[in-house]
2 protein chains.
Amino acid sequence: MKPGVSPDTFPPRSHEAKRTSVVDAAASVFCREGYAGANIDLIAAEAGVSRQTVYNHHGDKEKLFMAVVRDLTERCNAGIFATIATFPDQPADLESDLVAFAVRMNRNCICNRDGRFLRKLIQAEGERYPELFAEWREQGPGRTWSALAARFARLAYAGHLSIDDPDVAARQFLALVNAELQITFMLGGMPTEEEVLRSATNGVRTFLRAFGSRKTTSVRQAALTHA
Amino acid sequence: MKPGVSPDTFPPRSHEAKRTSVVDAAASVFCREGYAGANIDLIAAEAGVSRQTVYNHHGDKEKLFMAVVRDLTERCNAGIFATIATFPDQPADLESDLVAFAVRMNRNCICNRDGRFLRKLIQAEGERYPELFAEWREQGPGRTWSALAARFARLAYAGHLSIDDPDVAARQFLALVNAELQITFMLGGMPTEEEVLRSATNGVRTFLRAFGSRKTTSVRQAALTHA
DNA sequence: ACAAATTTAGACAGGCTTGTCCAATTCGTC
DNA sequence: GACGAATTGGACAAGCCTGTCTAAATTTGT
């Protein structure tokens with residue numbers, strides 16, 4: 001695959017397949033049992049390989065852990081940016097478009113397997129590997145928030161929103177649409193599709209009450225009239 | 001020592017002191033190292049007692065862990081309800097009163113030692129002890145949210161806020177005032193006083209833009225005029 | 001000051017885990 | 001079908017940890 005005279009620069013197919021299989025199993029076990037409680041034999045069994053193969057591929061437990069975190073970070077970031085690319089820049093119905101976006105974000109990035117695993121590893125072992133997780137922090141949330149803030153700024157500039165500080169608004173948007181899922185996240189659970197939708201609906205409604213510009217805020221007008 | 005005619009129903013003074021000392025040290029070590037990585041010798045050393053004393057008091061590692069979680073849950077709940085009792089029911093300046101309340105909540109309940117420890121233990125070991133953490137969930141967040149929702153409902157009834165669903169508003173209030181502290185929480189860190197204040201200020205401003213009734217919303221009027 | 005209870009330090013067995021080594025086997029490629 | 005690389009299973013040493021036991025030292029209440 002890299003460069004080479006003959007087509008053998010990379011090992012046989014199943015070699016790479018086993019590698020990812022091991023990383024996947026390791027992610028699962030590290031999350032369930034914690035770093036100290038994770039058992040290489042169990043990881044090997046769950047990956048369907050022998051223990052020796054784990055050591056052949058990754059050297060030792062710590063290197064394997066690093067590989068897991070790097071892998072999860074990479075995949076999660078890819079998912080997040082792919083989803084941000086679907087942000088409703090020219091909304092037909094701002095409220096329902098933002099709700100749909102929030103649901104996509106949750107389903108594809110936060111609540112899926114990789115997202116839950118990465119979150120738990122960061123929470124549990126973040127303090128033990130400061131530089132590893134500092135890297136994650138820059139590549140992940142730092143860039144995510146900037147990208148999202150830029151999209152909100154654009155919506156505001158187009159007159160769909162009334163925002164003072166787009167960075168603050170972006171963080172508050174995420175906080176609001178996840179407001180009702182916090183406990184589930186804390187316990188490592190997976191919210192149902194219905195819970196995700198309800199939290200997003202309530203969060204977007206409040207977000208638009210706070211930041212909606214007058215011309216598109218049927219919801220807000222109703223709320224004010226009702227008050 | 002156990003039963004007796006004379007006033008000795010409870011053990012000698014330092015006996016109980018050592019007990020709490022052990023629980024405190026155990027909380028710290030369980031959080032740093034995780035359940036599997038926590039070492040009884042280290043806990044004993046950090047508590048300033050011998051290993052045997054740990055076993056005398058708590059039986060085994062699992063019982064010690066349970067005692068730690070129960071202890072933290074109890075203290076955190078006490079702190080949270082004490083703080084909710086300071087909710088500004090008759091606000092002089094609604095915005096600054098809510099900011100001050102949010103800062104108190106964070107400082108006394110969420111960011112302090114007990115709060116951080118409990119959060120981390122729940123995140124790391126919640127799945128391993130379902131009934132223990134189900135108990136926490138009912139006693140803690142469940143009651144907290146209800147109590148807070150009741151306070152917000154009262155503010156709305158008095159005309160200070162315009163709220164449809166007080167339960168949703170209470171959860172969103174907490175989500176907003178903590179919006180900028182999420183990452184710090186994730187990594188187990190302790191936000192500075194300044195960060196707590198800024199997050200609370202921004203969160204309350206957005207909350208009032210969404211839920212403030214017209215008569216007390218100088219901030220909101222300014223924002224709208226500015227738009 | 002005395003007697004009972006508690007604490008301590010250390011040794012200890014049993015179990016589990018990591019990481020290495022090696023011979024036999026399987027797999028992919030030519 | 002044959003060659004070479006990767007994989008396997010199992011044995012293995014070394015280390016660590018839990019939980020128990022003991023005898024000596026200390027603390028507590030009276």
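These numbers were taken from a predicted model, which means no experiment stands behind them. A, B, ... follow the sequence lines: proteins, then strands. Residue 1 opens every chain.
At least one side-chain nitrogen or oxygen of B:T53 sits closer than 4.0 Å to the OP1 or OP2 atom of C:dT8. Considering only side-chain N and O atoms, A:H57 lies nowhere under 4.0 angstrom from the phosphate OP1 or OP2 of D:dA6.
Atom CG of A:N56 and atom C1' of C:dC22 are 13 Å apart (whole Å). A straight line from NZ of B:K63 to C1' of D:dT18 spans 13 Å, rounded to a whole angstrom. Protein atom CG of A:D60 is 20 Å distant from nucleotide atom P of D:dA14, rounded to whole Å. The nearest whole Å value for the distance from the CD1 atom in B:I43 to the C1' atom in D:dC17 is 12 Å. As rounded to whole Å, 15 Å separates atom C1' of D:dT7 from atom CZ of A:R19. Rounded to whole Å, atom C1' of C:dC22 lies 10 Å from atom CD of A:Q52. Atom NZ of A:K61 is separated from atom C1' of D:dG15 by 14 Å (rounded to the nearest Å). For the pair A:E33 CD and C:dC16 P, the interatomic distance rounds to 15 Å; values are reported in whole Å.
Residues B:N202 and A:Q172 bring no donor and acceptor atom of their side chains to less than 3.5 Å of each other.
The ring of B:F65 has its center closer than 6.0 angstrom to the ring center of B:Y129. When ring centroids are compared, B:F87 and B:F152 come within the 6.0 Å threshold.
Nearest nucleotide to the side chain of B:I40, out of D:dT18, D:dT7, C:dT7: D:dT18. Of the candidates C:dC12, D:dC17, C:dA9, C:dC12 carries the atom nearest the B:R51 side chain, counting heavy atoms from C-beta on. With D:dG19, D:dT7, C:dT20 as the candidates, the nucleotide lying closest to the side chain of A:Y55 is C:dT20. Residue B:N39 has its side chain nearest to D:dC17 when only C:dT8, D:dT8, D:dC17 are considered. Nearest nucleotide to the B:K18 side chain, out of D:dT7, C:dT7, D:dG19: C:dT7.
Using a 4.0 Å heavy-atom criterion, one finds that A:A38 contacts the sugar-phosphate atoms exclusively. Among the heavy atoms of the strands, none lies under 4.0 Å from A:A44. Among the atoms of the strands shown, none is found under 4.0 Å from any heavy atom of B:H58.
Using cut-offs of 30° and 60° for the angle between ring planes, the B:F207 and B:F211 rings count as tilted.
Distance alone, capped at 3.5 Å, is enough to place a donor-acceptor pair between the B:N178 side chain and the B:L174 backbone.
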